[in-house]
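As structure tokens, the structure follows; a few thoughts come after it.
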Amino acid sequence: MTYFGEFGGLFVPETLVSPLQAISEAYENAKKDPAFQSEFQRLLREYAGRPSMLYFAKNLSVKYGCRIYLKREDLLHTGSHKINNALGQALLAKSMGKTRVIAETGAGQHGVACATVCALMGLKCVVYMGSEDVIRQNLNVQRMRLLGATVVPVESGTKTLKDAINEALRDFVANPDSYYLIGSAVGPTPYPEMVRDFQRAIGDETKAQILKAEGRLPDAVVACVGGGSNAIGMFYSFKDDQSVKKIGVEAYGAASLGYGQTGVLHGAKTKILQDSDGQISGTHSISAGLDYSAVGPEHAFFQSAGIAKYVSANDEDALFGFKELSLQEGIIPALESAHAVAHGLKVAKTMTKDQILVINLSGRGDKDAHALEALGKEKEPSAWGKNEITKINAKTTEANNQ
């Protein structure tokens, strides 16, 4: 059982203990199996398209006054970092003799990645998705169905990611012979560690690429955080580099690290948005992938240990980041990534011209075409959502000082 400080663990119905132990054992064997690792690396290279590019954003660098790089996970097959973990876990499922895969999705990128790898490997794929997200991410729903997956709209609760995970877990309880392919660094042991390991190519590549390009490590790396898979993949490689600031950006309406409390959700002890009675609070984000009531337990540990800092960006900030990157660099980011872009540009304004900032561009934005109408606004968000971010910064600072 894996804990990150006080966070993590295995809090599940008895029915799932044995299936999860089997997954843990299979993963421990896979980590030591040269054939598994060789095939995983081959798929990352030849199928997903790794290594992804580290792009020097010249126009943004000139405008904001420091050296800004973008880690281009949006250029991978299926359009986001989600393919890394999906390939690893699907390969693990095949090695265990599984034939049916269960998945959950918010923004749809994990669902698309799962449908893709299941088509590749001949696995049956069932994806649970909140009905609200089915509407706002309809393009990805169509992609999943084209790839042969069954998409199940979830009508309960807030009809978003939290509820999709609830239904996927119910399916797993009813069908423990299936394989549950969790898309983020959340859930019970072994998922947070396993997802992080499958995503750490992001940070490992970034470190090697920036050393080659600049001859030194960056001064800061920034990534968006919902459950936190892209961010933990980036941060983990720099966790022992104290000179590198690691900044996670949550959605303001779903900032569990900003103002959540310790509790248990979806099989793990972590930071959760909940009321005084311990009931899970509703969330809001313009980006479906960040619209989640909790966060990966390793991020909760990184915050408590002072390894990384966590702030938030509101919807208006995200739309500004979306527009600014599109118009300045000709790159349309996912709305999830736009949160990181927005706060990253705020950080850039405080840096000198020789300092280096890396922003993880976790996904591409064609799935978010609905946001174009909102981009008719021709002004920056007022003070970068100053009041909201100040509140979260204060709470984060207080938490880190405890």
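Legend: residues meeting ring pair (Phe, Tyr, Trp, His ring centres under 6.0 Å) with Tyr3, ordered by chain and number and at least two apart, are absent. Qualifying salt bridge (Lys or Arg N to Asp or Glu O under 4.0 Å) partners for Lys94, counting only residues two or more places apart in sequence or in other chains: none. Qualifying side-chain hydrogen bond (donor to acceptor under 3.5 Å, both in side chains) partners for Ser52, counting only residues two or more places apart in sequence or in other chains: Arg50, Lys71, Glu73. Taking Tyr292 as the reference, His266 meet the ring pair (Phe, Tyr, Trp, His ring centres under 6.0 Å) condition, with sequence neighbours excluded. Under the salt bridge (Lys or Arg N to Asp or Glu O under 4.0 Å) criterion, Lys269 pairs with Glu6, not counting sequence neighbours. In this view, Asp74 and Arg72 satisfy the salt bridge (Lys or Arg N to Asp or Glu O under 4.0 Å) rule, not counting sequence neighbours. By the ring pair (Phe, Tyr, Trp, His ring centres under 6.0 Å) test, Tyr47 pairs with His77, sequence neighbours left out. Partners of Ser256 according to the side-chain hydrogen bond (donor to acceptor under 3.5 Å, both in side chains) rule, which considers only residues two or more places apart in sequence or in another chain, are Glu250. Partners of Leu146 according to the side chain to side chain contact (heavy atoms under 4.5 Å, CB included) rule, which considers only residues two or more places apart in sequence or in another chain, do not exist here. Not counting sequence neighbours, Glu25 has no partner by the salt bridge (Lys or Arg N to Asp or Glu O under 4.0 Å) test.
Sorted by first then second residue, the side chain to side chain donor-acceptor pair (under 3.5 Å) pairs that include residues 114-128, not counting sequence neighbours, are Tyr128-Asp171.
Side chain of Gln89 to backbone of Ile182: a donor-acceptor contact under 3.5 angstrom is found. Listed for the Asp275 side chain is a donor-acceptor partner under 3.5 Å among the backbone atoms of Asp277. Between the side chain of Thr189 and the main chain of Thr2, a donor-acceptor pair closer than 3.5 Å is present. Side chain of His339 to backbone of Leu335: a donor-acceptor contact under 3.5 angstrom is found. A donor-acceptor pair under 3.5 Å is absent between the side-chain atoms of Lys162 and the main chain of Gly157, judged by distance alone. Under a 3.5 Å cut-off, the side chain of Asn59 and the backbone N or O of Gln328 do form a donor-acceptor pair.
More than 12 heavy atoms of other shown residues, nucleotides or ligands fall within 6.0 angstrom of atom CD1 in Ile356. When the shell of 6.0 Å around CE of Met53 is examined, it contains 12 or fewer heavy atoms from other residues, nucleotides or ligands. More than 12 heavy atoms of other shown residues, nucleotides or ligands fall within 6.0 angstrom of atom CD in Glu46.
Ion pairing of Asp197 with Arg200 is absent here, as no side-chain N (NZ or NE/NH1/NH2) approaches a carboxylate O to less than 4.0 Å.
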Contacts under 3.5 angstrom, residues 220-239 side chains, donor-acceptor by atom type, not counting sequence neighbours:
from	atom 1	to	atom 2	distance (Å)
Ser229	OG	His81	NE2	2.9
Ser229	OG	Lys82	NZ	3.3
Asn230	OD1	Asn360	ND2	2.7
Asn230	ND2	Cys224	O	3.0
Ser237	OG	Asp204	N	3.0
Ser237	OG	Asp204	OD1	2.7

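The six-membered or imidazole ring of Phe56 lies near that of Tyr69, with a centre-to-centre distance under 6.0 Å. For Tyr27 and Phe198, the gap between ring centers is short of 6.0 Å.
Ile272 has its side chain within reach of Thr270: a pair of non-hydrogen atoms, C-beta onward, lies under 4.5 Å apart.
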